[in-house]
Amino acid sequence: MNRLALELPGLSLKNPVMPASGCFGFGREFSQLFDLSTLGSIMIKATTEAPRYGNATPRVAETPGGMLNAIGLQNPGLERVIANELEWLKQFDVPIIANVAGSQTEDYVQVAKEISKVENVHALELNISCPNVKTGGIAFGTVPETAKELTKHVKEVSEVPVYVKLSPNVTNIVEMAKAVEDGGADGITMINTLIGMRIDLKTGRPVLSNRTGGLSGPAVKPVAVRMVYEVSQQTNLPIIGMGGISTVEDIIEFSLAGADAFAIGTANFVNPFVCPELIAELDQYLEAHNVDHISELKGRSWK
Amino acid sequence: MNRLALELPGLSLKNPVMPASGCFGFGREFSQLFDLSTLGSIMIKATTEAPRYGNATPRVAETPGGMLNAIGLQNPGLERVIANELEWLKQFDVPIIANVAGSQTEDYVQVAKEISKVENVHALELNISCPNVKTGGIAFGTVPETAKELTKHVKEVSEVPVYVKLSPNVTNIVEMAKAVEDGGADGITMINTLIGMRIDLKTGRPVLSNRTGGLSGPAVKPVAVRMVYEVSQQTNLPIIGMGGISTVEDIIEFSLAGADAFAIGTANFVNPFVCPELIAELDQYLEAHNVDHISELKGRSWK
Amino acid sequence: MIQKELMTVVSQSEIAKNIFEMTLKGALVDQIDQPGKFVHLKASEEMMPLLRRPISIARIEHDKQEFTMIYRAEGAGTTALSRKQAGDQVDVLGPLGHGFPVEAAAPGETALLIGGGIGVPPLYELSRRLNQKGVKTIHVLGFQNKEAAFYTEEFAALGETYVATVDGSLGEQGFVTDVVTKHGLRGDVFYSCGPTVMLKAVEKLHAAPKGFISLEERMGCGIGACFACVCHPAADETGTGYLKICSDGPVFKAGEVAL
Amino acid sequence: MIQKELMTVVSQSEIAKNIFEMTLKGALVDQIDQPGKFVHLKASEEMMPLLRRPISIARIEHDKQEFTMIYRAEGAGTTALSRKQAGDQVDVLGPLGHGFPVEAAAPGETALLIGGGIGVPPLYELSRRLNQKGVKTIHVLGFQNKEAAFYTEEFAALGETYVATVDGSLGEQGFVTDVVTKHGLRGDVFYSCGPTVMLKAVEKLHAAPKGFISLEERMGCGIGACFACVCHPAADETGTGYLKICSDGPVFKAGEVAL
Ligand SMILES: Cc1cc2nc3c(=O)[nH]c(=O)nc-3n(C[C@H](O)[C@H](O)[C@H](O)COP(=O)(O)OP(=O)(O)OC[C@H]3O[C@@H](n4cnc5c(N)ncnc54)[C@H](O)[C@@H]3O)c2cc1C
Ligand SMILES: Cc1cc2nc3c(=O)[nH]c(=O)nc-3n(C[C@H](O)[C@H](O)[C@H](O)COP(=O)(O)OP(=O)(O)OC[C@H]3O[C@@H](n4cnc5c(N)ncnc54)[C@H](O)[C@@H]3O)c2cc1C
Ligand SMILES: Cc1cc2nc3c(=O)[nH]c(=O)nc-3n(C[C@H](O)[C@H](O)[C@H](O)COP(=O)(O)O)c2cc1C
Ligand SMILES: Cc1cc2nc3c(=O)[nH]c(=O)nc-3n(C[C@H](O)[C@H](O)[C@H](O)COP(=O)(O)O)c2cc1C
Ligand code: FES
Ligand code: FES
């Protein structure tokens, strides 16, 4: 019996576990450690039209039960992502979710149009929620109308289903979710990072050169679970949940909250083998608990 | 030299450290453990006009580096708080900050009017940010115009300075701060809890009977520090900072971020002696670092 | 008086499946004046698990300044606690709450002690005290199964002891209430500790003219300040009455609390 | 190949103020083929501190499957690490990055090794390897003060060794660069590790026709996936060029990176 295989818009997943965008690069490094074909999918690092260097270092800091990052969307740019990274990824039997970023609508549209044509890109993830870039980005993720319009424009050009990644830094997450649903989104991924900060007591200055950064890891899990719980009850879109997942129990918690599939970010840094380990453990957990398929647990906390 | 004494609107503080509202009751229990007169101030449990039982139990849950609570503003009501609790507190040489809550403007106004007349109440803390009550409360804390109006109405009747407690569950914390400043607030206290949730894997249901609860403790510190950092640069109001403080280093971090004084919530549960311990350690820390007064560090991270 | 002390682990051993018995030493023991009180302890020096854990006092040895607790290693806190070894230290806050009133039973009278699972431990010190003052004790102890059972012989040494297991692998098959009914057990006073469903059933037995029950609830402060652990009194006209399990309890008169 | 292994602590001792030397044993050692590589380790089994910590490999004993590292206990992670005792386990990921090229110095040539503070450790294995192949090594080691100094005798046993301390409490007063200049030290190749300001000053000395420096940066993954640890290449027309310290470094050719 296959308890883990799952169909989501655009995605035939062997299992519902995948690395989250920005925490797995384009897979090259992790391919030295395990076979990428074991993964449900790979959410690649945010891709922008032009190459970006990102923010100055330090770019990461540790916090109680979490971490801050302010990478600033560093990436080699659309052209090279397609030519080098996606091309290289074709050797693996794994559907790619391409994380698309930009500073204005045209950027998103341009990247979405081109990258959605690539054979192994089975879905897009619209990153309207990166807290670490000054221009645009975050604004798209905090104003419902703007998010809806952007989704619409991207949907018009994309050749694959479009998932929109929600920012937790909003007053009303359900409103955002409904807005992107109205805009035609095929799915939701959530949550991106919370905006946070650490100050270095020795220098008296923020630890991150960008000053603020995105908070991720176990510390944010209760916020993520709450948001998945709320959004899953108010929209009909499938949800790829993330935010602090590091154990199989965390995956079950997100499932009960209402997520269909699960992305792993920060935990990859703590244990680079976490994704294949969780896939194996999830199967065992379901077997031990007599669950025939992971989808049976979905939304049980409110159903 | 007194490195710790501080003047804030309405408050002559022996030191800038005080227990946060809801984490110290009305002081009775802690008075068995240490002399309450050592505290800078006491932020008493939220008081509403009528007595409230609050939510069903379980009301608390543990999370990675934090906790969730959904007490639901349980309190004996305005009359008894004045007659029993505030009266009892008069034996201590400590100014009280009365946390005022309600479901509609009239409730707040009524409580503020009466409680601000009590001799040992030196300031009010408007709780417009409790995530655990259905009606009102949170709405006041997420809509700038509403927060401003409420502040105005309370200011009209209060006989002592009014601090407004901000909710972190908003898209734009600076906008909220400016709104209450416009409304005439004398100070800001921040942050209240983030909305979060945990699901019990055995039952498949939320751990808290209220389903969602307020996240506090070390896990939220980076979010709190970031918000203090932003608000302190954009308003002229004094700030009592809180959110995850449990060590003297945390206090320094909040100070560098821009807070004038510091409230301790969750840490009181971990170590009931934390407030007097931090007061002593803060003095030592400043001495060891040749800081003549805590206020010298205020906002150093952005100045 | 409530104290906070870094107490020293004298011994720790696994006495049943995942059930640990730990003895701690320190001056705080001088303050424990009643069975049924509890301590609130930090299971680890690390920041996580963050909150303290409430655990009942199962046995007191004032002369040695030691007390013993018995707990099930289940979640993060109790598992961390179970890794402590003799000589290690544990941050203990206590004694907390109001325990079982030994004075409710007069010498020569019979007390019925009914415990379920990890509700059994506080009854042990209670039974010792009752026996010391000449009260006859009858013990009814319920466990999931044989592997989870503990202290049956220790209780048997103090008085008539019945054991019930859900699967019948030890003692009689069934719940503690089945055993009480079957054997027609009665006393002048009953004392009970266990899951709320059990306490509810025990109250309904009316196996004694008066009784005392010990409740559990998730706690924040453990000292009465945070309102995390409240319950409704049985008589509550306004709907706003409350009792705090940590400071008004954990032991209440039977019938005092709405279960 | 990169491995993740629960390695066993063979020994741990404080060799200077807050400076610890720890030797670990495990199969992962077989993979370490170059001095100057590092490991990324989890300082505690607990969730906190969350992130791994990068620490250089200071000495390799392939025959015993052991390697030694030397680190300063400062923050939460390194302090937790310093509490480990012989027999305990540490979760190690490694070996990581590109180390010092021993082949850059030919037998009979002279290598100048310049280290500052906790940048000194990786130079030790480097010096051993260089000496093994017949390269003469000159060591210049800088420390804050006498209490913080370590391994000065171990280096002295391998070659000419100069020590500089900021306060003059050991060796010569001043920075490593002062010592190099004062004694007119030169080599066929230099290798350096220490704070970035020091490396910048060392590059400017031009004490050898070619050289290699080892950089530090805050890391996330440690394997090249997260872009936390990038630096700019010296030649970067577009402004978007980058090098990852964890996987392209931590050792770079002098002049390759914009410091
Ligand atoms: C007054 C009192 C006396 C107790 N005496 C004993 C005893 O003698 N032996 C024993 O084994 N257990 C006892 N318990 C239950 C014990 O407190 C819990 O089993 C324990 O807190 C669970 O912690 P954990 O780390 O295993 O679980 P986790 O799941 O990690 O706990 C998470 C949080 O939930 C709380 N929690 C979880 N289960 C319970 C519970 N059943 N009751 C209260 N809080 C809970 C924890 O304290 C913690 O705050 C007592 C509880 C109370 C209130
Ligand atoms: C390639 C490399 C090799 C290193 N080799 C050694 C060595 O051999 N001996 C040694 O003592 N130190 C070495 N360091 C520095 C060491 O990694 C830091 O001192 C250590 O991570 C600090 O952790 P902490 O728990 O003490 O501090 P915390 O303040 O708790 O650390 C918080 C976070 O910041 C990071 N951090 C803090 N300071 C540094 C730093 N200087 N460099 C990188 N990350 C930092 C930590 O890794 C952690 O993620 C090396 C660093 C790198 C990049
Ligand atoms: C170092 C780092 C880089 C990230 N980069 C991106 C990114 O490029 N695009 C994106 O949508 N999310 C990015 N994220 C957010 C993660 O994909 C994820 O939403 C978030 O970290 C929460 O999950 P976690 O708690 O499992 O890490 C990044 C996170 C981290 C820690
Ligand atoms: C159990 C509990 C009860 C609380 N009750 C109140 C309250 O009544 N009024 C209020 O303004 N804040 C209340 N808070 C929020 C705290 O005052 C504080 O803003 C928050 O917990 C963040 O600080 P901390 O991380 O130090 O706990 C409560 C927090 C906790 C944990
Ligand atoms: S646990 Fe805080 S009032 Fe009982
Ligand atoms: S630490 Fe992740 S790329 Fe270097």
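Chain letters run A, B, ... following the sequence lines, proteins first and then strands; every chain starts at 1.
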Query raised in the report: With chain A, which of B/A61, B/G65, B/P64 has the greatest number of heavy-atom pairs at distances under 4.5 Å?
Result: B/P64

Query raised in the report: So, are A/K221 and A/E253 salt-bridged, with charged N and O less than 4.0 Å apart?
Result: yes

Query - A/P238 backbone acceptor or donor facing A/D260 side chain under 3.5 Å - result: no

Requested in this report: Go through A/G204, A/P206, A/A257 and name the one with the most non-hydrogen pairs under 4.5 angstrom from chain B.
Outcome: A/G204

Query - Pair A/D283 + A/R3, salt bridge at N-O below 4.0 Å - result: yes

Report task. Starting at CD1 of B/I251, measure out to CD1 of B/I245 and round the result to the nearest 0.5 Å. Result -> 5.5 Å

Query raised in the report: Pick from A/T63, A/L201, A/V225: which one has the most heavy-atom pairs with chain B under 4.5 Å?
Result: A/L201

